[in-house]
Amino acid sequence: MKHPKHPKNTSAAVDLSEHPEDERLPLGRTLAFGLQHVLTMYGGIIAPPLIIGQAAGLSTDEIGLLVACCLFIGGLATILQSWGIPFFGSKLPLVQGTSFASVSTMGAIVSGAPDHVHGLQSVFGSVIVAALIGLLIAPFFAKVIRFFPPVVTGVVITMIGVSLTPVAANWAMGGNAKAENYGSLQNIGLAALVFALTIVFSKLGNAAISRLSILLAMVVGTLIAIPLGMADFSKVGVGHIFAFPQPLAFGMPIFEFGAILSMTIVVIVILTETTADILAVGEITGAKVDSKRIANGLRADMVSTLVAPFFNTFTQSAFAQNVGLVAITGVKSRFVVTAGGFILVVLGLLPVLGRVIAAVPTPVLGGAGIVLFGTVAASGIRTLSKVNYDGGYNLIIVGASVAFGGIPIVAPTFYDHFPTWVSTILHSGISSAAIMAVLLNIVFNEIKGGNSTKGSVFVAAPPRMVREDELDNLEDGDSYVGGKLIDAEGNEVPVVTATQQKVALTAVVKEHEKQNAPVPESVTPALRRIEAHERTNPPGGH
């Protein structure tokens, strides 16, 4: 607002045009838009600690601690990524938080441990080492990333969502298989209500309500669960209201080879996802994104992931839903996201909030999780839709990788008799799919020697297709039943040869001309198409 008083000073305007992400908004708007970013990603950032906490059999208070730590570290990671310091941070409006990509692998590590404390310690140790490896390879990742084309990343992201679907189903049934009401209609009904509310809120014309549909559905579902006796908030007031997250609350990290190798695969996936998010937000904001900026962003990702286990939390990555929010709102300022980071830090310093979240009924999480996890899978499918399947081997890469990744999901005991380190790696659908996708991509698309010149047998047959001009005579409601073409009114439409059609249409033209009536608009173009087809395909021609 001061620009009119200083018309000669145009440097700020020039800087803004060159660096739209550096725009500074008034404090009130900055905080409001920052809160919007927090609300948009809140359901996503609290889901991993809830999943791992449930898998590890933690108490409500311990899960509350995990949630608070995730918020605290997510806020610091967001500030580092968006504000930036030399060599760390892309200085773009990117929100950071606990990554979904590691959930399945961490769940496999925890479930394979003798007790929940050992399992969490092993998770934290694997995250630390994997983050160190990620930090070392970040500057060189631009060269490595060619092994993660869309055919690989699409498979991985899809399997993230698919592998978490059983978690959502378990939540919908009540979360505790030993409970008397596990799988009851009451539990599943509550989950179905939250699912339906999410769809309804998404359908409403209000953009703000649509973006917050999952969170709003969870709130309404929880409020409904209270009078039904399905929500217990009696322990929310037990404990500190304000507290700094206790470092290493579950003990010192444990370092196990299988867990580290499995988590390293996840970290590479996270590096790939964050690179894609940096490129996407750069395109949306119009900011210049070069290899240096990408490397700075990846280093921020990895140093946040390295610090996270010391504060009882997990891998950090950019949140794609917030990239979408930047596009929807048009608010490109990185300082807005920085404000969101400060809000997350404050929330993380309030463990009472973590206890409130932990007290949300498990079926409520199940109803929201079905949509949330399905959306992750849909993002992967969207990536796979951009892959070229014609005449190559991408179809077999996708098919084999998805099926291989699905083995531990449909048959959880499949790898029980394998060596422990093999079981840890392959017990995660995400790790299994990633390994297979990378290997097959290298075999078929990188090492092309020995590939059939006719392509894969899976794509050798030509796809079924219909010429565009052949559809022009079809109308809404037409259907093909029992070898006959039936119109919307149930009448059979004659199927004729081109010659027969030409004779019939010519007769129509002559009849209309005889009665001085206008020829129907569809007749003349149809005749022209037949004549054009006859010229290019003369009788007896080859």
With the side chain counted from C-beta on, respond yes when Asp277 and Leu94 share a heavy-atom pair under 4.5 Å apart, and no when they do not. yes
Among all residues two or more places apart in sequence or in another chain, which pass the ring-ring contact (aromatic ring centres under 6.0 Å, His included) test with Phe444? Tyr393
For residues 402-419, pull every pair meeting side-chain hydrogen bond (donor to acceptor under 3.5 Å, both in side chains), keeping only residues two or more places apart or in separate chains. none
Output yes when a side-chain donor or acceptor of Thr105 lies under 3.5 Å from a complementary backbone atom of Ser102, and no otherwise. no
Could you walk me through whether Val267 and Ile137 pass side-chain contact (heavy atoms from CB on, under 4.5 Å), step by step? CA-CA 11 Å; Val267 162; Ile137 68 174; 5.9 Å; no
Tell me, with the steps shown, if Arg293 and Glu21 meet salt bridge (charged side-chain N to carboxylate O under 4.0 Å, His left out). CA-CA 13 Å; Arg293 194 165 208 167; Glu21 71 277 14; 2.9 Å; yes
Treating Asn312 as the side-chain partner and Ala249 as the backbone partner, does any N or O pair qualify as donor plus acceptor under 3.5 Å? yes
My understanding is that only residues two or more places apart in sequence, or in another chain, count here; which of them pass ring-ring contact (aromatic ring centres under 6.0 Å, His included) with Phe88? none
Do Tyr389 and Leu384 come close enough that some side-chain heavy atom pair is under 4.5 Å? yes
Out of curiosity, Phe311 CZ to Cys70 SG, how far, rounded to the nearest 0.5 Å? 13.0 Å
To the nearest 0.5 Å, tell me how far Met302 CE sits from Leu132 CG. 10.5 Å
Across all chains, not counting sequence neighbours, the side chain to side chain contact (heavy atoms under 4.5 Å, CB included) partners of Phe342 are Ile79, Thr338
Residue set satisfying salt bridge (Lys or Arg N to Asp or Glu O under 4.0 Å) with Arg299, at least two apart, ordered chain then number -> none
Considering residues at least two apart in sequence or located in another chain, which fulfil the ring-ring contact (aromatic ring centres under 6.0 Å, His included) criterion with Phe87? none
With side-chain contact (heavy atoms from CB on, under 4.5 Å) as the criterion, how do Leu350 and Phe242 come out once you've worked through the C-alpha distance, each side chain's angles and the decisive distance to 0.1 Å? CA-CA 5 Å; Leu350 299 172; Phe242 177 89; 4.0 Å; yes
If only side-chain N and O atoms count, and only distance matters, is there a donor-acceptor pair under 3.5 Å linking Thr78 with Gln96? no
Taking side chain as C-beta onward, heavy atoms only, is Leu58 less than 4.5 Å from Phe250? yes
Would you check if the side chain of Ser262 reaches a backbone N or O of Gly258 as a donor-acceptor pair within less than 3.5 Å? no
Within-4.5 Å side-chain heavy-atom neighbours: Glu23 and Leu25: yes
For Thr305, all residues meeting side-chain hydrogen bond (donor to acceptor under 3.5 Å, both in side chains), sequence neighbours excluded: none
Can you find a heavy atom in the side chain of Ser333 that is under 4.5 Å from one in the side chain of Asp22? no
Would you check if the side chain of Ser432 reaches a backbone N or O of Gly429 as a donor-acceptor pair within less than 3.5 Å? no
Residues that Val117 engages under side chain to side chain contact (heavy atoms under 4.5 Å, CB included), provided they are two or more places apart: Asp115, Gln121
Is the side chain of Arg334 donor-acceptor paired with the backbone N or O of Ser82 at a distance under 3.5 Å, no angle test? yes
Residue pair Asn445, Asn394: steps toward the side chain to side chain donor-acceptor pair (under 3.5 Å) verdict: CA-CA 8 Å; Asn445 293 333; Asn394 286 332; 3.0 Å; yes
Separation of Ile51 CD1 from Ile46 CD1 (nearest 0.5 Å): 10.5 Å
Could you state the interatomic distance from CG (Leu298) to CD (Gln81), rounded to the nearest 0.5 Å? 8.0 Å
Hits for side-chain hydrogen bond (donor to acceptor under 3.5 Å, both in side chains) against Thr98, two or more places apart or cross-chain, chain-then-number order -> none
Qualifying side-chain hydrogen bond (donor to acceptor under 3.5 Å, both in side chains) pairs with a residue from residues 62-72, counting only residues at least two apart or across chains: Ser59-Glu62
Counterpart residues, side chain to side chain contact (heavy atoms under 4.5 Å, CB included), relative to Leu248 (two or more places apart): Met252, Pro253, Phe310
Determine the sole option in Thr30, Ile343, Val336 for which the side chain to side chain contact (heavy atoms under 4.5 Å, CB included) test with Leu35 is passed. Ile343
Tell me, do Leu349 and Pro245 make a side-chain contact under 4.5 Å, heavy atoms counted? yes
Is it true that Asp301 and Thr274 share a donor-acceptor pair across their side chains at a distance under 3.5 Å? yes
Side chain to side chain contact (heavy atoms under 4.5 Å, CB included) partners for Val129, two or more places apart: Ile133, Phe255, Ile260
CD1-OG distance between Ile409 and Ser163, expressed to the nearest 0.5 angstrom: 5.0 Å
Spacing of OG belonging to Ser122 relative to CE belonging to Met106, to within rounding of 0.5 Å: 12.0 Å
Test item: Gln54 and Val167 side chains (from C-beta on) under 4.5 Å apart, heavy atoms: no
I want to check something: taking the side chain as every heavy atom from C-beta on, are Leu76 and Ser304 in contact at a cut-off of under 4.5 Å? no
